[in-house]
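Scroll down for the structure; my scribbles are underneath it.
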Amino acid sequence: CMSINISAIQLMKNDFVESLQTMVQDSCLDPSHFSLEITESVFTSNFQEVNTILGQLKEMGFQIALDDFGTGYSSFAREREMNIDCLKIDKFFIDKLVDINPHQAITGDIVSMAHKLGHCVVAEGVEHKQQLDYLRHFNCDKVQGYFISRPLEEDHAIAFIQIHDKPSTTDR
């Protein structure tokens, strides 16, 4: 799955959904292989209009991820209403897993609540095994960060995927 960041300005353009649909059809791509990432701030302007657009994108097959969750305007009260599939927990909460006692961290609670709302969860900024172990313990669905890999050029990224896309018995 490839993630694409979408800004509020792009999302609110009148022809955004049609343009995206045309690009997907013209290139014969499967929308289910793409996750469109939006930030919480997108919902501050016109919740209903934004949510309707996201619903259209979901109907086309795109996955919708709410990026940087927990540092902005979202509330769990509205999460169930949002046309999103996934919450990306902001690095702020992941960094805390190194600094505080794991029993005092709320990151596992965020994962649990997101799952109860029917969302998958991605942890951003995983840099240490300790963080990965904590997230595994709380059944976080996906992680991203330097512990897994630094940003890679295209050929190195393809090689990385080929090596790591096989079932493995390693700890990663």
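Fair warning: this is a prediction, and the values are worked out from it, not measured in the lab.
- Taking a 6.0 Å sphere around CZ of Phe47, one finds it holds more than 12 heavy atoms contributed by other residues, nucleotides or ligands.
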Practice problem: Go through Val17 and Met60 one step at a time and tell me if the side-chain contact (heavy atoms from CB on, under 4.5 Å) criterion holds. | Solution: CA-CA 9 Å; Val17 174; Met60 290 170 53; 3.8 Å; yes
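- Minimum heavy-atom separation, Asp141 to Val121: OD2-N, 2.7 Å.
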Quiz prompt | CA sep, side-chain torsions, deciding dist, call: Ile53, Met12, side-chain contact (heavy atoms from CB on, under 4.5 Å) | solution = CA-CA 8 Å; Ile53 293 167; Met12 298 307 291; 4.1 Å; yes
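- Across every non-hydrogen atom of Ile38 and Leu54, the tightest pair is CD1-CD1, 3.4 Å.
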Quiz item: Could you go step by step and tell me if Val98 and Gln131 meet the side-chain contact (heavy atoms from CB on, under 4.5 Å) rule?
Solution: CA-CA 7 Å; Val98 175; Gln131 294 165 321; 3.5 Å; yes
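- Here the shortest heavy-atom pairing between Val126 and Leu132 reads CG1-N, 4.1 Å.
- Put simply, Tyr146 and Ile161 are part of two different groups of oily side chains (I, L, V, M, F, W, Y) that touch within less than 4.5 Å, one to the next.
- The ring-ring contact (aromatic ring centres under 6.0 Å, His included) pairs that include a residue from residues 92-136 are Tyr134-Phe138, where partners are two or more places apart or lie in different chains.
- Here the straight-line distance linking atom SG of Cys86 with atom CG of Leu36 works out to 12.0 Å at 0.5 Å rounding.
- Here CD1 of Ile6 is found 7.5 Å from CG of Leu11. Values are rounded to the nearest 0.5 Å.
- Residues Phe69 and Ile110 are in side-chain contact: their nearest non-hydrogen atoms beyond the backbone lie under 4.5 Å apart.
- Going from atom CD of Gln144 over to atom CD1 of Ile94 covers 10.0 Å, rounded to the nearest 0.5 Å.
- Here the closest heavy-atom approach between residue Val24 and residue Pro31 is recorded as CG1-CG, 3.7 Å.
- Contact of the Leu87 side chain with the Val122 side chain is not registered, since no non-hydrogen atoms from C-beta on lie closer than 4.5 Å.
- Hydrophobic clustering (ILVMFWY, side-chain heavy atoms < 4.5 Å, transitive): Leu20 and Ile9 are in distinct clusters.
- When all heavy atoms of Gln10 and Ser7 are compared, the pair lying nearest together is OE1-N, 2.8 Å.
- Gly125 approaches Asp95 most closely through the heavy-atom pair O-OD1, 4.3 Å.
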Quiz item: Can Phe16 and Leu57 be said to form a side-chain contact (heavy atoms from CB on, under 4.5 Å), step by step?
Solution: CA-CA 10 Å; Phe16 178 74; Leu57 295 169; 4.0 Å; yes
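- Between the CD atom of Gln130 and the CZ atom of Phe147 there is a distance of 11.0 Å, given to the nearest 0.5 Å.
- Within the 4.5 Å cutoff, no side-chain heavy atoms of Val50 are placed close to those of Met82.
- More than 12 heavy atoms of other residues, nucleotides or ligands sit less than 6.0 Å from atom CG of Asp15.
- Put simply, NZ on Lys88 and CG on Asp68 are 8.0 Å apart, with the number rounded to the nearest 0.5 Å.
- Between Lys96 and Ile106, every side-chain heavy-atom pair lies at or beyond the 4.5 Å cut-off.
- Taken from CD1 in Ile84 to CG in Asn51, the straight-line distance is 9.0 Å, to the nearest 0.5 Å.
- With a 6.0 Å radius and a threshold of 12 heavy atoms from other residues, nucleotides or ligands, Glu18 has its CD atom at or below the threshold.
- Counting non-hydrogen atoms of other residues, nucleotides and ligands closer than 6.0 Å to NZ of Lys58 gives a total above 12.
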